[in-house]
Amino acid sequence: MPTADPSPHLPERQWRAPVPDTGGPHSRVVIAGGGLAGLEVARQLAALGVEDVLVIEAGPAEDLLHIHSAHKPDQALRAFLDPAGDPHFHRPWIPESAPHYAANAGLRKRLGGRSLYWYGASLPVEDWALADWPESVAKDLRGSWRGGGPLYEQVAADLGVDPNRLDRQQPVLELGGFRLVRTPQAETRFGADGRWYAYSPLDHWRDPVTGAALDGPRGIRFLCGTEVLSVDVEDGRACGVLVRETGPNAEARRISADSVVLAAGTIECSRLAIQALCAIDPGRPPRLDGLTDHIVQGFFLRVRDAGDAGDAGDAGDAGGSASHGLSGVASGSYVAACEDAVRSNLFITVERPEPGVRLFDVRLTGEQLPGTGSHVTCEPGGEYPWRTTVTADLAPADRDVVGRQRQVLEEVWRRLAAEFGLPATPLVFDDFDHPVRTNAFVLPESIGAETSEGPFTWSSLLGTEDHEGCTLPLGGVLDDRHAFDAVPGLYACGPATFPRMGAANPSLTTLALARRLARFLAEADDREPHRGTSEAQA
C-alpha cells in the first residue's frame with residue numbers, strides 16, 4: 001500500500017494499542033479478531049460495564065487510519081481493489097474453486113481490519129431475506145429492542161444514516177422505472193483534497209483524521225501481532241484460546257476466559273469453529289456449509305456531456321427533488337432496490353473527473369443463497385491452525401440471479417444510451433466464473449487506458465467483495481443468542497452469523513448484531529462466577 005502523504009493535516013501516527021500484562025492470565029471475555037465486529041462488541045461491552053475484555057488481533061496496531069483518510073482517492077481505491085501492495089493483506093486459506101476466493105480475496109491483518117477499508121454503505125437486510133432469520137433476531141432488528149427502538153434505528157442514528165428500506169425513502173434520481181436515493185453512507189469528509197473516513201469503532205479511541213490517541217478504551221485490552229490458533233475446550237465448554245505471537249521462534253500459550261467470541265472474519269471464524277466442534281465431537285466432519293458472498297456485476301461508462309454546467313447541485317441530499325435526467329445529476333452514489341425476484345440492489349456512482357465528462361459506475365449487488373455447494377473445510381492434524389480450504393459454487397437459484405442482474409443492467413444501459421444519444425448495442429458479458437474484467441477494472445489506470453466511451457462490463461469474483469458470510473447462522477450452528485449450541489461459552493459475531501445475506505452490504509447489520517451480542521454477554525457476566533486458571537505453555 002502506498003504510504004500516506006506527509007500532508008500537514010496528517011502528522012506522524014505513533015499510537016500503539018496496549019499489550020496486556022498477562023500476570024492475570026484470565027480474561028472475562030476474549031474476542032478473537034480486531035475488525036469491525038470484534039471491536040464493536042468490545043466497545044459495547046465496555047459501555048455496559050464489563051471489565052477485562054481482551055481483543056486479540058493477528059495484525060499490528062501501527063497504522064490505524066482509514067485508507068481514505070490516509071491516502072488520496074486514487075491510492076485508496078487501489079488499496080481496496082488491488083491489495084497486492086498492501087502489507088496487511090493476507091489469505092490464510094487455499095481456494096479450491098479458483099479464481100473464486102483467490103487472487104484479491106483475503107483478509108486485512110491490522111487492528112481495525114476491514115473497517116478501515118469500508119466505504120460506509122449502511123443498508124438493512126431486506127424483509128424477504130429476514131423472513132428466514134430467527135423471529136426473535138428479526139424482531140430485535142426491525143421491531144423493538146429491549147423496549148426501545150429497533151436495533152437498526154439505534155445504530156443508524158449513531159451513524160447518521162436513514163435505516164428505512166430503500167423503497168420507503170424519497171428518491172432523488174429517477175431512471176426509467178428505477179427510483180434511486182442517495183446511498184446511506186456512514187462517512188465524514190474533510191480536507192480540500194477529498195479525503196474522508198467511514199465509521200470504525202476505533203473512532204472512539206483515536207482521532208480518525210490525525211491518528212492521535214484519545215482517552216481509553218477503558219476496560220479493554222489489546223493483544224496485537226498474535227494469532228489465535230484454536231479455542232481451548234475442556235469438559236465440553238470453551239475455556240479460553242491458544243495463541244502465538246507472529247514472528248520466528250514464538251511459542252504457543254494459553255489464555256483462559258469465561259467467554260470466547262469469534263470475530264476474525266467468516267473463513268477464519270469457520271476454521272476456529274470447526275476445530276472447536278471437532279474437539280467436542282471427533283467424529284464430526286471438519287466442514288461448515290453455507291458460505292456465501294455477494295454476486296456483483298456491472299458496467300462502466302464514460303460520456304461526453306459538453307452542455308453540463310457542473311455539479312451545481314452537488315449538495316443534493318435525500319430531501320431534494322427527483323431528477324428525471326442524468327446529464328445534470330450531482331456526483332455521488334445512488335441506490336435502488338430491484339424487484340424481489342432479482343435479490344439485488346442497483347447502485348449508480350456518478351463522477352466528474354473533468355469538465356464535460358461524466359463517469360457512470362453501474363453495478364448490482366445480489367444475494368448468493370447459502371447451500372452445501374460452497375463450504376469451508378479443514379484438514380485435522382496434530383498442530384493448529386488446521387489447513388483450511390474454501391470451495392465456492394453457484395446453485396441454480398444463484399445463476400438465475402446472475403441472469404436477472406444482466407437483464408437489469410441491459411435496461412439501465414438502454415436508458416443511459418437514450419439519455420446521451422448513444423447507440424444502444426447489447427451489453428456483452430464474460431463468463432461469470434472466469435471474467436476478463438473484474439471489479440478492479442474501475443481503477444483509474446484501467447479506465448484511462450480505454451480509448452472508447454464504453455460500456456465496459458465487469459463482474460466480481462466470489463470472495464473479493466469482503467462480504468462473505470453465513471457459515472455460522474443464527475438459529476442453526478448458533479442459537480438466537482449468538483452462542484454455539486454444541487460448545488457452551490463460545491459465541492460468534494459478524495456476517496458469518498447471518499442466516500441469509502440478502503442484497504444489503506453487511507456492515508449495518510454487523511454493528512446491530514454486535515450490540516445485541518454484547519448485551520447477552522454482559523448479562524451472562526452478571527450471572528456467572530468468574531474462573532481463575534493458570535496459564536500453561538503449549
Side-chain angles (χ1 to χ4, degrees), residues 1-15 36 59-89 104 106 108-121 182-183 185-200 202-203 206-212 298 300-302 310-311 314-315 330-334 347-361 363 438-450 456 458 460 464-466 505 507:
M1 182 190 299
T3 56
D5 294 343
S7 306
H9 62 284
L10 287 173
E12 181 94 12
R13 276 100 62 199
Q14 297 292 342
W15 191 66
L36 181 69
E62 297 175 353
D63 179 3
L64 303 177
L65 288 182
H66 190 280
I67 57 169
H68 276 276
S69 182
H71 307 292
K72 292 181 179 179
D74 286 356
Q75 293 174 305
L77 182 64
R78 184 172 295 105
F80 176 63
L81 294 177
D82 185 18
D86 185 348
H88 305 298
F89 179 74
N104 292 340
R108 310 288 181 145
K109 288 175 59 175
R110 58 191 294 206
L111 188 63
R114 289 174 175 174
S115 73
L116 301 180
Y117 301 76
W118 179 35
Y119 272 63
R182 283 280 191 172
T183 303
Q185 289 183 290
E187 65 175 44
T188 299
R189 296 187 175 271
F190 67 93
D193 58 357
R195 303 209 188 206
W196 57 273
Y197 59 91
Y199 172 79
S200 167
L202 290 173
D203 295 350
R206 63 93 172 91
D207 188 296
V209 176
T210 67
F300 181 82
L301 178 69
R302 178 195 296 112
D311 283 344
D314 243 9
S331 297
S333 176
Y334 303 85
F347 290 87
I348 299 180
T349 300
V350 184
E351 297 181 4
R352 182 183 173 83
E354 58 186 88
V357 174
R358 289 280 179 179
L359 302 180
F360 291 92
D361 180 4
R363 61 196 182 279
T438 67
N439 55 355
F441 174 69
V442 300
L443 289 170
E445 60 265 31
S446 299
I447 296 169
E450 298 290 346
F456 305 104
W458 56 268
S460 289
T464 60
E465 287 294 316
D466 290 353
N505 305 61
S507 295

For [X] and [Y], does a side-chain donor sit closer than 3.5 Å to a side-chain acceptor?
{"X": "S460", "Y": "N439", "result": "yes"}
{"X": "D86", "Y": "Y117", "result": "yes"}
{"X": "S507", "Y": "R114", "result": "no"}

- Query: Between F80 and Y119, how do the two ring planes meet: parallel, tilted or perpendicular, split at 30° and 60°?
  - Reply: tilted
- May I ask you to decide if L116's main-chain N or O and S200's side chain share a donor-acceptor pair within less than 3.5 Å? no
- Beyond-backbone contact of P83 with H88, side-chain heavy atoms, under 4.5 angstrom: no
To the nearest 0.5 Å, how far apart are [atom1] in [X] and [atom2] in [Y]?
{"X": "L301", "Y": "R358", "atom1": "CG", "atom2": "CZ", "answer": "12.5 Å"}
{"X": "E351", "Y": "F360", "atom1": "CD", "atom2": "CZ", "answer": "10.5 Å"}
{"X": "F190", "Y": "Y197", "atom1": "CZ", "atom2": "OH", "answer": "7.5 Å"}
{"X": "D203", "Y": "T188", "atom1": "CG", "atom2": "OG1", "answer": "8.0 Å"}
{"X": "L77", "Y": "H71", "atom1": "CG", "atom2": "NE2", "answer": "12.0 Å"}
{"X": "E62", "Y": "L111", "atom1": "CD", "atom2": "CG", "answer": "11.0 Å"}

Do you know the tightest heavy-atom contact between [X] and [Y]?
{"X": "G194", "Y": "P73", "result": "O-CG, 4.4 Å"}
{"X": "P208", "Y": "L65", "result": "O-CD2, 3.3 Å"}
{"X": "S333", "Y": "T183", "result": "OG-OG1, 2.7 Å"}
{"X": "D361", "Y": "W458", "result": "OD1-CZ2, 3.6 Å"}

- V209 and R195: CA distance, side-chain angles, deciding distance, side chain to side chain contact (heavy atoms under 4.5 Å, CB included) verdict: CA-CA 9 Å; V209 176; R195 303 209 188 206; over 6 Å; no
- Query: Is it true that K72 and D74 make a salt bridge, defined as a side-chain N closer than 4.0 Å to a carboxylate O?
  - Reply: no
- Who passes salt bridge (Lys or Arg N to Asp or Glu O under 4.0 Å) against D207, sequence neighbours left out? none
- Start with the C-alpha gap between H66 and W196, add the side-chain angles, then the distance that decides, and say whether ring pair (Phe, Tyr, Trp, His ring centres under 6.0 Å) holds. CA-CA 8 Å; H66 190 280; W196 57 273; 5.3 Å; yes
- Message: Out of the candidates R110, R108, R206, K109, only one should pair with D63 under the salt bridge (charged side-chain N to carboxylate O under 4.0 Å, His left out) rule; please name it.
- Response: R110
